[in-house]
Amino acid sequence: MKLLFKKINYSDISLLFFLIFATLSSYVLEFNIKDTANQYFWCVEVKKDFTFSFLGNIKLPIHCDEGPYLSAISSIDYFFSESNPYQKRPLWILSIKTFFLLFSFIFDSLLSEYQIFRLSTLSLQIIILFSIAKLFLSILKIDLEKTSNYFPILVLILFPYIRWNIFFPSHGNLTLLATLLSLYVIKNRNIKLNNKDLTFIIFGFLSLAHRSFLVFGFLTITYFLFQKNFKSNKIYSAFQLLSPTLLYELLIYISPFNSYDWNRNEY
């Protein structure tokens, strides 16, 4: 199972450029030509005179989640405070922070902090979309040697829930990624690197970005429980799945900060 680890080839590069082109086309259509985005989005305001460097004034969707995410990558005290709804998504916050630091180094004198933040979230969302596309192609056994084979990817991107989340810092598309990853594992039995089964370690690690990976990890284990011809230690798999979360909670426990689950307390 080398899907997630093989070297990037020319089809990967062409797929990435196709996704970037589709994303930009979606932005132009959604927010500039149709100009009806406010009718469909919840918790979103489209600012029509946002100034972005050399592009001048552009239309930009502003999601209500942006404030907490920007504060979370800017202050560790805020990240661990009860004001932060996303303390249980450290991997997602860390990913945004990594892009933010990279782009700050490159564009420090050219872009504002908020502009760099938006560029960071967009870049991360494109990577998530690329991962979704790769899993989607693998599950359906579609290769990209023919131009016509890009059509299923285009149809996937055109779903509103998918294309709209590209422009926000929220985790929306991670749920789809978790779904496809579980289908991939069920179809291929496992994910191996150097003959080591890393399936549920990967699910557990990604659950630190969003807990849907934890849910789909347990669903995958449950599915394998009923497969008589599949030999695996389900208890060990469950431990692998939970270990990243347990380690994260242990690190918080021995730190001066407190663990706070906003979703549990609110819902």
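For the numbers below, each heavy atom of this structure counts, side chains included, while hydrogens, waters and symmetry mates do not.
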With rounding to the nearest 0.5 Å, note down the distance linking [atom1] in [X] to [atom2] in [Y].
| X | Y | atom1 | atom2 | value |
| --- | --- | --- | --- | --- |
| I73 | S95 | CD1 | OG | 11.5 Å |
| S237 | F203 | OG | CZ | 11.0 Å |
| S74 | F79 | OG | CZ | 12.5 Å |
| I116 | S104 | CD1 | OG | 4.0 Å |
| D77 | S71 | CG | OG | 12.0 Å |
| F117 | Y69 | CZ | OH | 8.5 Å |

When you compare the side chain of [Y] with that of [X], does any pair of heavy atoms fall below 4.5 Å?
| X | Y | value |
| --- | --- | --- |
| L144 | F18 | no |
| F167 | T23 | yes |
| L94 | L208 | no |
| L174 | L206 | no |
| L177 | L129 | no |

Between K88 and T245, is any side-chain donor less than 3.5 angstrom from a side-chain acceptor? no
Do [X] side-chain atoms and [Y] backbone N/O form a donor-acceptor pair below 3.5 Å?
| X | Y | value |
| --- | --- | --- |
| S120 | F100 | yes |
| R163 | I157 | no |
| T199 | I191 | yes |
| S243 | Q240 | yes |

Take atom [atom1] in [X]; do more than 12 heavy atoms of anything else shown fall under 6.0 Å from it?
| X | atom1 | answer |
| --- | --- | --- |
| Y236 | OH | no |
| Y223 | OH | yes |
| K187 | NZ | yes |

Kindly write out the residues that satisfy side-chain hydrogen bond (donor to acceptor under 3.5 Å, both in side chains) with E82, not counting sequence neighbours, or none if the list is empty. none
Checking S14 now: which residues fulfil side-chain hydrogen bond (donor to acceptor under 3.5 Å, both in side chains) with it, not counting sequence neighbours? Y150
As a quick check of understanding, evaluate side-chain contact (heavy atoms from CB on, under 4.5 Å) for S83 and Y78, giving each step before the final call. CA-CA 7 Å; S83 300; Y78 176 84; 3.8 Å; yes
Contacts of D261 that satisfy salt bridge (charged side-chain N to carboxylate O under 4.0 Å, His left out) - sequence neighbours left out: R211
Would you please name every residue forming a salt bridge (charged side-chain N to carboxylate O under 4.0 Å, His left out) with K97, sequence neighbours left out? none
Specify whether H63 and F168 have parallel, tilted or perpendicular ring planes, treating 30° as the upper limit for parallel and 60° as the lower limit for perpendicular. tilted
Under the disulfide bond (SG atoms under 2.5 Å apart) rule, what pairs show up with a residue in residues 59-109, not counting sequence neighbours? C43-C64
So among N149, I132, D143, L15, which one has a side chain to side chain contact (heavy atoms under 4.5 Å, CB included) with L137? L15
Let's go through Q87 and Y248 carefully: what are the C-alpha distance in whole Å and the side-chain angles of both, what is the deciding distance for side-chain contact (heavy atoms from CB on, under 4.5 Å) to 0.1 Å, and is it a yes or a no? CA-CA 11 Å; Q87 187 191 119; Y248 174 63; 3.8 Å; yes
Please enumerate all residues that pass ring-ring contact (aromatic ring centres under 6.0 Å, His included) together with Y114, with sequence neighbours excluded. F50
Checking side-chain contact (heavy atoms from CB on, under 4.5 Å) for the pair N84/W262: CA distance, chi angles, key distance, verdict? CA-CA 7 Å; N84 178 25; W262 185 86; over 6 Å; no
Taking all non-hydrogen atoms of both residues, which atom of A209 and which atom of L91 are closest, and how far apart? N-CB, 3.7 Å
Trace of the side-chain contact (heavy atoms from CB on, under 4.5 Å) decision for I127 with F99: CA-CA 11 Å; I127 289 176; F99 275 105; 3.2 Å; yes
